[in-house]
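First up is the structure itself, then whatever we jot down about it.
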Amino acid sequence: MSMAPEFLQSSYDQALVLSSVLVAVVSSYVALGLARCVRAQAGPTAIAWVGTGGLVMGSGIWAMHFSGMLALELPIATGYAGLETFLSWVAAVAISVVALSIATRELLTKTYLLGGALVMGGGISAMHYLGMRALVLEPGIVWDWSWVALSVAIAVGASAAALTIFFAIRSLGGRRAQQAQLAASVVMGLAISGMHYAGIAAASFPKNAICLSADGLRGGRLGISIIVAVIVLLSIGLLATDLERRLRRQAEALKASLQVANEKLAAANAELRRLAFSDQLTGIANRALFEDRLDHALARVDR
């Protein structure tokens, strides 16, 4: 008769859990702002915005993931291998670049929605499970594949929701746009967090396991430091999007004022011409108009 395998009892650092959810919400808010800025650009400027935005957005999503990993507490010494952790960050940045590239399109077709959701969801899942692989245990993690499938489904669904939400709110302006962006970021942040913690729920840790990466990245203080650093990075991204939005509004206001000024100048020139070629008392065409028309007629005869 085979005995059921025994597993380590895990717990969570609640402060890091709450911090990771907060980072996910803030990252989503900044991501939506970056997507709006990217759409307003063209050419090399748009490419620069996509690259920079992907770096900021991906770092925020990864920080949420890594702080959530550090929130997991096991009754053994644990740590995370550097290479796998770095590759999980690369995956987060890559899927963020894909998301912002899709955001530059005028329309979100069903093909782009489905393809984008699958690519982004796959990238988020790759980020998560690469990060889990960085926790090197012997014997290894035992996976509940139903939870794994659920986490991937949440990632794909969250990606589809993010793309749909962005294309739905990008036509809004003013306070309505900010309110919609805040509400959407809460939904997206909770969805990303849900995927992450569903993925952790899929993992069981054998009771006799030893962490071979125990001397790698670890510690709650490290997680808090990463969160603080990424929040600073996200704040810079948020300030950049706000500055770009203000400058765009000023440019639009200047363009409108120049158009009004040109219209007034054209009207003034027309009025001056009318005054020059008509009698001020009767309004009838005067000698100046006759001479002007005569000069034009003689010029045509000469040609």
Side-chain angles (χ1 to χ4, degrees), residues 3-24 26-27 54-96 122-145 147-148 151-152 155 192-234 236:
M3 297 180 61
E6 296 185 3
F7 299 106
L8 296 171
Q9 294 295 318
S10 59
S11 59
Y12 290 94
D13 184 325
Q14 297 300 322
L16 280 176
V17 170
L18 292 175
S19 298
S20 68
V21 175
L22 176 62
V23 169
V26 174
S27 300
L55 179 64
V56 173
M57 175 180 167
S59 297
I61 295 173
W62 175 84
M64 176 271 150
H65 154 79
F66 192 66
S67 59
M69 293 287 294
L70 290 174
L72 177 66
E73 296 180 340
L74 295 172
I76 60 173
T78 58
Y80 295 88
L83 177 60
E84 287 82 356
T85 301
F86 172 74
L87 291 177
S88 69
W89 173 79
V90 171
V93 173
I95 60 110
S96 298
I124 292 172
S125 300
M127 173 199 71
H128 174 80
Y129 289 105
L130 277 170
M132 292 291 289
R133 186 179 175 83
L135 182 63
V136 184
L137 297 178
E138 183 59 44
I141 297 173
V142 178
W143 296 101
D144 183 333
W145 294 106
W147 276 100
V148 171
S151 69
V152 174
I192 293 171
S193 302
M195 178 273 157
H196 172 81
Y197 288 106
I200 290 183
S204 296
F205 309 96
K207 194 168 185 178
N208 60 338
I210 298 174
C211 183
L212 303 181
S213 55
D215 55 351
L217 302 170
R218 63 177 181 175
R221 290 184 178 179
L222 174 63
I224 292 174
S225 299
I226 289 174
I227 289 173
V228 170
V230 171
I231 286 179
V232 170
L233 182 64
L234 291 173
I236 293 172

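Just so it is clear, the structure is predicted and the values come from calculations on it, not from any experiment.
Panel note: side chain S20, backbone G68; no donor-acceptor pair is recorded below 3.5 Å. A donor-acceptor pair under 3.5 Å is formed between the side chain of Y80 and the backbone N or O of M69.
Contacts classified as salt bridge (charged side-chain N to carboxylate O under 4.0 Å, His left out) and involving residues 81-90 (residues at least two apart or in different chains) are not found. Note on residues 192-205: no pairs pass salt bridge (charged side-chain N to carboxylate O under 4.0 Å, His left out), not counting sequence neighbours.
Taking both residues in full, the closest heavy atoms of A15 and D13 are given as N-OD1, 3.0 Å, listed atom of the first, atom of the second, then distance. Across all non-hydrogen atoms, the minimal contact from G79 to S213 is O-OG, 2.7 Å.
Between S19 atom OG and Q14 atom CD the span is 11.0 Å, to the nearest 0.5 Å. Separation of atoms CG (L16) and CZ (F66) is listed at 10.5 Å; rounding is to 0.5 Å. Between atom CZ of residue F7 and atom CG of residue L74 there is a gap of 12.5 Å, rounded to the nearest 0.5 Å.
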Kindly list each side-chain donor-acceptor pair under 3.5 angstrom involving residues 201-209, sequence neighbours excluded, with atom names and distances?
from : atom 1 : to : atom 2 : distance (Å)
K207 : NZ     : E6 : OE1    : 3.4

Which donor-acceptor pairs under 3.5 Å do side chains of residues 123-143 form with protein atoms, sequence neighbours excluded?
from : atom 1 : to   : atom 2 : distance (Å)
S125 : OG     : G121 : O      : 2.9
H128 : ND1    : H196 : ND1    : 3.3
Y129 : OH     : S151 : OG     : 2.7

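With sequence neighbours left out, V17 forms a side chain to side chain contact (heavy atoms under 4.5 Å, CB included) with Y12, A71, Y197.
More than 12 heavy atoms of other residues, nucleotides or ligands sit less than 6.0 Å from atom CG of L18.
At a threshold of 4.5 Å between non-hydrogen side-chain atoms, the residues S96 and I61 count as touching. Q9 places none of its side-chain heavy atoms less than 4.5 Å from the side chain of P75.
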